[in-house]
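For reference, the structure discussed in these notes is given below.
Throughout, a chain's letter reflects where its sequence line sits, starting with A, and its residues are numbered from 1. Values below: every heavy atom of this structure, side chains too, minus hydrogens, waters and symmetry copies.
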Amino acid sequence: MPNNIRVRFAPSPTGPLHIGGVRTALYNYLFAKKAGGKMILRIEDTDQTRFVPGAEQYIMESLAWCGIQFDEGIAEGGAYGPYRQSERQSNYAAYSDQLIQSGNAYYAFDTAEELDELRKLAEADKKTFIYNAETRKTLRNSLNMNDNEVKKHLEEGTPYVVRFMIPENTSISMNDLIRGSMTVKSETLDDKVLFKSDGMPTYHLANIVDDHLMEISHVIRGEEWLPSLPLHVLLYEAFGWEKPQFAHLPLLLKPDGNGKLSKRDGDRLGFPVFPLQWKDPKTGETSSGYRENGYYPEAMVNMLALLGWNPGSDQELFSMDELIEAFSLERVGKSGSKFDPEKTKWFNHQYLIRKTDEELAAEWLVWLKTFKNLDITANQATKIVSLVKERAQFVHELWDEAYFFIEAPESYDEKVVKKRWKADSPEQMETLATLIETVEDFTAGPIDEKIKSWITENELSMGGIMNALRLLLVGAAKGPHLGDIMEVIGREASLKRIRNGIKTLESNN
RNA sequence: GCUCCCAUCGUCUAGCCAGGUCAGGACGCCAGGUUUUCAUCCUGGUAACAGGGGUUCAAAUCCCCUUGGGAGUACCA
């Protein structure tokens with residue numbers, strides 16, 4: 001179903017993409033796919049001073065990891081390229097000239113220092129300096145010069161910027177798919193720079209020109225852009241272009257306190273704010289990533305999708321396809337959402353327990369090899385994982401729940417010893433060992449049966465016996481059913497652990 | 001400061017547009033139950049319409065004000 005729904009995700013490559021950005025990309029993606037439209041990646045690298053090597057690659061890798069795919073972009077190509085604004089540089093001057101010709105923009109020769117000075121002055125007076133209809137009359141710009149003066153400046157190479165001329169005394173009405181209609185008076189706006197003295201356009205110009213040229217139908221971006229919407233609307237009107245529809249997404253807020261979620265919050269509160277680990281090429285500082293911390297991309301995407309949007313049903317778990325099916329901008333909320341790291345873990349747990357034992361075992365095998373340099377068989381891993389996966393939120397947590405399947409106890413939890421190891425324990429355990437030797441089919445069922453009937457026949461306490469036995473086999477008060485544990489580690493190892501344990505505990509007394 | 005946006009449990013949120021069920025669900029937390037320990041699991045509980053004024057027979061829902069929060073306020077995006 002071909003149509004002309006086209007959305008873009010337009011990050012600037014100034015560092016790693018944080019999860020707020022991932023969510024913006026996700027909503028764009030969901031919206032596009034739901035509508036059968038196109039998803040475009042455009043790199044907004046008009047600020048050469050903020051370029052960070054590797055950031056562009058990071059952005060693409062992150063989004064790919066999340067399962068967000070582009071139809072057009074710097075890697076995919078497409079009919080509307082190039083998709084990097086630095087490579088479209090030659091386009092922009094003509095558009096800025098066009099605005100000057102039509103009287104919607106003008107040259108300004110004020111230096112950054114002069115303007116800084118004016119801002120400071122205004123600030124001292126508890127006011128804000130605005131480059132607007134009032135002040136523009138007194139500043140060094142082409143509005144206050146005759147053609148010859150302007151020409152002279154340009155020929156002499158006086159540095160200049162091009163500013164948009166905000167119309168006087170008008171109201172700008174805008175429409176937002178999430179917030180409805182809004183109105184702003186033009187007096188409150190300032191004459192933004194469209195074209196910088198370094199020959200590059202600012203975001204405002206490049207963004208509008210490229211959205212137009214790329215035939216973007218819907219601009220879905222973060223709420224931090226809302227204050228520049230009037231300017232953008234004015235720009236479309238000045239060019240005489242049809243506007244796209246706008247949707248400004250609510251922000252992701254800090255889990256505690258207030259404010260926009262930032263990189264610092266992750267460091268401070270101990271959770272990742274970036275999809276992938278990132279090493280800053282300048283400072284060498286490393287920021288942790290969801291991928292490296294053991295999160296599944298599905299879990300992260302699921303969590304992000306529900307932060308600010310809801311399906312209107314009680315469904316919590318969504319595959320990407322289900323999200324695409326269920327998504328609509330109408331169900332995106334207006335207010336900011338505090339980020340909850342705990343819920344992300346819960347989502348990860350949900351995805352982990354839904355893996356088949358074989359899948360999870362395969363992941364764990366890799367983990368064991370990498371972090372413990374251990375090799376166990378796939379069968380063993382599958383069996384172990386099936387017994388303990390309910391207890392873990394991450395693959396790396398499996399070890400804490402299952403190490404005793406692989407390693408015999410070297411020490412015994414003192415609290416448990418005190419509580420469970422009694423005077424008659426050694427004898428009882430030895431008897432149990434001889435019993436275990438005689439179990440024919442060494443699997444959980446028969447093992448349990450044999451032990452239980454012995455306990456019943458001798459009128460012993462189930463809790464007392466089993467917990468003492470657990471102490472010998474595991475070394476602590478943890479783990480799944482003992483029958484299962486013995487089945488996995490096998491008869492020989494079980495016996496060895498029981499008899500070693502008796503020996504160790506008795507020699508300590 | 002100024003401009004704009006926003007406002008339901010601690011958190012994410014449903015309900016609001018087309019006023020009329022004890023304001024529903026999830027995470028977290030607490031308690032009880034199952035269990036052979038721990039965890040899981042099951043059951044239950046905790047807890048919210050920011051405040052004030054209107055409109056109305058009736059307001060979480062519509063309107064206004066206050067308060068609170070957020071964003072923007074660069075030759076950054």
Could you work out which one of [options] sits closest to the side chain of [X]?
X      : options             : value
A/D314 : B/G25, B/A71, B/C76 : B/G25
A/E224 : B/C76, B/G72, B/U36 : B/G72
A/E223 : B/C5, B/U37, B/U73  : B/C5

Indicate whether OP1 or OP2 belonging to B/A77 is found under 4.0 Å from a side-chain N or O atom of A/T46. yes
Counting the atoms with a prime plus P, OP1 and OP2 as sugar-phosphate, which does A/R470 contact under 4.0 Å by heavy atoms, base, sugar-phosphate, or nothing? base
Please work out if A/L482 contacts a base, only the sugar-phosphate, or nothing of the nucleic acid, heavy-atom cut-off 4.0 Å. base
Take the protein atom OH of A/Y351 and the nucleotide atom P of B/C27, then report the distance between them rounded to whole Å. 14 Å
Side-chain ion pair, [X] and [Y], N-O less than 4.0 Å:
X      : Y      : result
A/R179 : A/E223 : yes
A/K263 : A/D265 : no
A/D47  : A/R50  : yes

Base partner of [N], which must satisfy Watson-Crick or wobble distances under 3.5 Å:
N     : result
B/C62 : B/G54
B/G10 : B/C27
B/C2  : B/G72

